[in-house]
Amino acid sequence: MTTDPPLRRSVLYMPGANARALAKVATIPADAFILDLEDAVAPDAKDLARDQAAAASSASGNEIAIRVNGLDTPWGPDDIVAVAGAAPSAVVVPKVSGPGDLVRVADALDAAGAPEQIALWPMIETPAGVLGAAAIAAFERVAVLVMGTNDLALELRAPLRPGRAALVPHLAAAVLAARAAGRGIVDGVFNDLGDPEGFRAECQQGHDLGFDGKTLIHPSQVEPANEVWSPTEDELAHARRVIAAFEEAAAEGRGVITVDGRMIENLHVESARRTLALAEGAAARAER
């Protein structure tokens, strides 16, 4: 059985220029945070955001990623230097088209003296990114793919409607690429804070597509996302029955196992163990 990745049910964007928001990182029960230096920050606040995000990243015990500006912007090179000194868990790289973009960022991090353990979280938010997702996910420093659904919809000239019919094929392709490379992947944001039912429905869709969790734009979205990506009591009970039946059959030398009227194979046992591991991780997170 492969090792389960860290919990990333809820990954909350926090604007780097907002000191009050950054101060709340330790009090919000999100699994991970992305401190944003890019879209959420006006040009005249880029330097402030960079300094504040670096300080917040260094001081936090949470999994923190910093989204930098592209290296081809006036701010990107300085962002990389700041990230190298702050040593967050990861760097979120916007608008990645292929592994060449990641080579440039990795080389810049190395040149700035960044620790080797800083992972890369490339954003899949362009048609080229979707088409290159397999090669992007296979890049050695990549830990997580991050969907940028707003930008992707814009470039596709596709409307973002309930159910995301226009995006589902591309979301599924990105999940496939991530899983083939053994990487994590988180879904894009939901824009309408006034539609909690729509948000929950989109979380459920992302869960069913195979995402590990969802990127978020507001703390109010954290608990619903955590709930959707956590096993239910019925799922936990079934997982325990599957594992118990498997262990009993193995001890008795039986090759055929049934639980709740269904035949059980090794893949079902692996899934059951992962379900229990997710529940244990969620419980440990709640106790922090």
Side-chain angles (χ1 to χ4, degrees), residues 1-11 29-32 61-63 89-90 117 119-121 133-147 168-169 171-187 200-214 222-288:
M1 180 178 178
T2 56
T3 302
D4 288 306
L7 285 178
R8 298 189 181 102
R9 303 165 298 174
S10 51
V11 182
D31 289 337
N62 295 290
E63 184 176 30
S89 303
Q117 67 267 25
L120 299 181
W121 291 11
I136 292 167
F139 189 75
E140 60 182 358
R141 287 186 70 164
V142 168
V144 179
L145 300 185
V146 180
M147 294 305 302
V168 166
L171 296 172
V175 172
L176 191 68
R179 297 307 180 218
R183 311 304 191 202
I185 182 167
V186 290
D187 197 0
R200 181 174 285 273
E202 193 166 290
C203 285
Q204 192 63 57
Q205 179 193 50
H207 173 276
D208 294 349
L209 282 169
F211 285 98
D212 295 310
K214 192 165 184 66
V222 169
E223 288 193 16
N226 284 348
E227 184 177 335
V228 169
W229 267 278
S230 296
T232 66
E233 288 301 321
D234 287 345
E235 289 168 338
L236 288 172
H238 178 74
R240 294 187 184 102
R241 289 196 298 274
V242 167
I243 293 170
F246 177 80
E247 292 175 346
E248 180 181 346
E252 296 175 357
R254 290 188 284 114
V256 177
I257 311 164
T258 59
V259 174
D260 300 336
R262 295 184 178 183
M263 185 172 291
I264 298 299
E265 300 178 288
N266 285 337
L267 62 92
H268 300 110
V269 178
E270 180 174 337
S271 178
R273 287 176 175 156
R274 186 176 187 277
T275 295
L276 295 184
L278 284 172
E280 291 169 1
R285 176 79 63 182
E287 291 175 358
R288 286 175 45 182

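Remember, predicted model here, so these are calculated numbers, not experimental data.
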[X] versus [Y], closest heavy-atom pair with distance:
X: A30; Y: S10; answer: CA-OG, 3.3 Å
X: A137; Y: A181; answer: O-CB, 3.6 Å
X: I257; Y: F246; answer: CD1-CD1, 3.6 Å
X: I136; Y: V142; answer: O-CG2, 3.4 Å
X: M263; Y: H268; answer: O-CE1, 3.8 Å
X: A172; Y: L209; answer: CB-CD2, 4.4 Å

- prompt: Does R183 come within less than 4.0 Å of D212, counting only side-chain N to carboxylate O?
  reply: no

NZ/NE/NH1/NH2 to OD/OE distance under 4.0 Å, D31 and R9: yes

Measuring from atom [atom1] of [X] to atom [atom2] of [Y], what distance do you get when rounded to the nearest 0.5 angstrom?
X: S230; Y: E223; atom1: OG; atom2: CD; answer: 11.0 Å
X: E270; Y: T275; atom1: CD; atom2: OG1; answer: 10.5 Å
X: H238; Y: I243; atom1: NE2; atom2: CD1; answer: 10.0 Å
X: Q205; Y: F211; atom1: CD; atom2: CZ; answer: 8.5 Å
X: R8; Y: D187; atom1: CZ; atom2: CG; answer: 15.0 Å

query: side chain to side chain contact (heavy atoms under 4.5 Å, CB included) with V228: which residues, sequence neighbours excluded?
result: R200, C203, Q204, H207

Side-chain contact test, heavy atoms from C-beta onward, threshold under 4.5 Å: evaluate it for [X] versus [Y] and give yes or no.
X: L7; Y: E63; value: no
X: R179; Y: I185; value: yes
X: L236; Y: E233; value: yes

message: List the residues meeting side-chain hydrogen bond (donor to acceptor under 3.5 Å, both in side chains) with R241, not counting sequence neighbours, and say none if there are none.
response: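 Once residues adjacent in sequence are excluded, the partners of R241 under the side-chain hydrogen bond (donor to acceptor under 3.5 Å, both in side chains) criterion are D260.
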
